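Okay, structure first, notes after.
Letters A, B, ... are given to chains in the order of the sequence lines, protein chains preceding strands, and every chain is numbered from 1. Everything quoted here is computed from the prediction, not taken from an experiment.
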Amino acid sequence: MKVYVKLFATLRDYFPELAIGEKQPLELPTGTTIAFLVQRLQLPRDEIKLIYVNGRLRPDETVLQPGDEIGLFPPVGGG
Amino acid sequence: MDFERYQRQMLVKDFGRAGQEKLAASTALVIGCGAVGSTIANLLVRAGVGRVRLVDRDLVELSNLPRQILFDEEDVRERRPKAIAAARHLRRINSDVQVEPVVANVRRNNILSLMGDADVVLDGTDNFPTRYLINDAALKLGKPWIYSGVLATYGMTATFVLGETGCLRCLFGPLDPEAEVNAPTCATVGVFGPVVGVVASLAAGEALKLLTGLGKRNDHLLHIDLRDLTVEKLPLVANPTCPACHGQYDYLQPGRGYDADDGMEEDEPVDILCGGGTVQIKPMASPGEIDLVQLSAEMSGVVLEVVRPELLRVRMGDMEMTLFPDGRALFHGTEDAALARRWYRRLVQQ
């Protein structure tokens, strides 16, 4: 199945060829969870604070559906 | 009160004289007076919020000036505490407003009294341990508060209202001490000045709206990145199992948040501040109020000045120490914590 991933802020450094918020299409096995997706992209889990699927905040064990749009955000701490 | 200067603001539909009177009768607390905090304070004071309390622990440094709009080169030369320098500028901008500078770390032992009479609380801090503390205190006292964070070219802001939006902990879960240590900061990834203005202006706008009843509140987490200009509106959710929303204020308890195992313990005497070139020393146990004038007499020869009753300055070669009455000291011109600690023992704990 195909899903779309959007990386924000410092997470984009792992895929510098992507523009911010640009959807990265990804082919994944049916039944894939958010946790597996994060592993597959080799993103450090502790740098990700918020995971939104189709605009809703979702936990790691959420099973993804075809066409899902996943937004990954680190916290923003400076001031 | 003479509202002549606010004429353009009062012309705004649904703002009017009634809105201006509400602002004049309101108190805002701004915690942290760096880039975001000083931009927020500037907007609130110009808009005519009756009382604005500014809390910050740092001194103005040259690297602040590109984005911290209330400070100038004289503040850097005079090494003024940010809260004091901001208040000086703000009083000249609007003498109708009661500006209350507080030079202090915000901790569980002072946050409730700082927040007690505030109608709205704004986050100008640069770290999450303080934000979790603000969140707990705001929930406990039933105060609306506005989170803002900026880094590099991006920023986030959200408005939390008790019982309506969920809270910071609903959104981000419990404080993660390990992630905190490795998290990017303004000292590692920098800050693009204009994003400060964007995020801080949104936050100040939310505060003015809350105080006057104008328009509709921001009920999302906004994530804005100026690099490719993206704006994400992410729904806020209340977590039904959030301890803070159920009256369990973990970060107001000893052993959590700033004095938890996050590398920045309250009892740990040395803390290296973001900004570089400065070491902060906090005493293990509060020594009580230090009489800086008396101490300066004992240090005759090395003392630069006593800016009574706020601070004492001492020069040691290339290094300069600023000591506050609560025993906290900032060492400028070094990042050698051990060296700073030795000087602290010799000068203050003798």
What part of [X] is in contact with chain A, defined as an atom under 4.5 angstrom from a non-hydrogen atom: side chain, backbone, both or neither?
X	answer
B/L171	both
B/P235	both
B/A152	neither
B/V237	side chain

Point to revise | Best-contacting candidate, B/G173, B/G34, B/A35, against chain A by heavy atom pairs under 4.5 angstrom | key: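 Of the candidates given, the most pairs with chain A belong to B/A35.
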
Review point. Does any heavy atom of chain B fall under 4.5 Å from the side chain of A/P74, the backbone, both, or neither of them?
Key: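 Backbone only.
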
Exercise for review: Start with the C-alpha gap between B/L236 and A/L57, add the side-chain angles, then the distance that decides, and say whether side-chain contact (heavy atoms from CB on, under 4.5 Å) holds.
Suggested key: CA-CA 8 Å; B/L236 293 176; A/L57 198 58; over 6 Å; no

Check your understanding: How many angstroms lie between atom CZ of A/F73 and atom CG of B/L234, to the nearest 0.5 angstrom?
Key ->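 Result: 4.5 Å between the selected atoms.
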
**Study point:** Non-hydrogen side-chain atoms of B/V199 and A/V76 separated by less than 4.5 Å
**Key:**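 Contact flag for B/V199/A/V76 side chains = no.
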
Are there donor-acceptor atom pairs under 3.5 Å between chain B and chain A, and if so which?
residue, atom, partner, partner atom, Å
B/A35, N, A/G79, O, 3.1
B/V36, N, A/G79, O, 2.9
B/N127, N, A/G77, O, 3.4
B/R131, NH1, A/G77, O, 3.0
B/R131, NH2, A/G77, O, 3.0
B/R131, NH2, A/G78, O, 3.4
B/Y147, OH, A/V76, O, 2.8
B/V150, N, A/G78, O, 2.9
B/V150, O, A/G78, N, 3.2
B/D228, OD2, A/I20, N, 3.0
B/P235, O, A/Y52, OH, 3.0

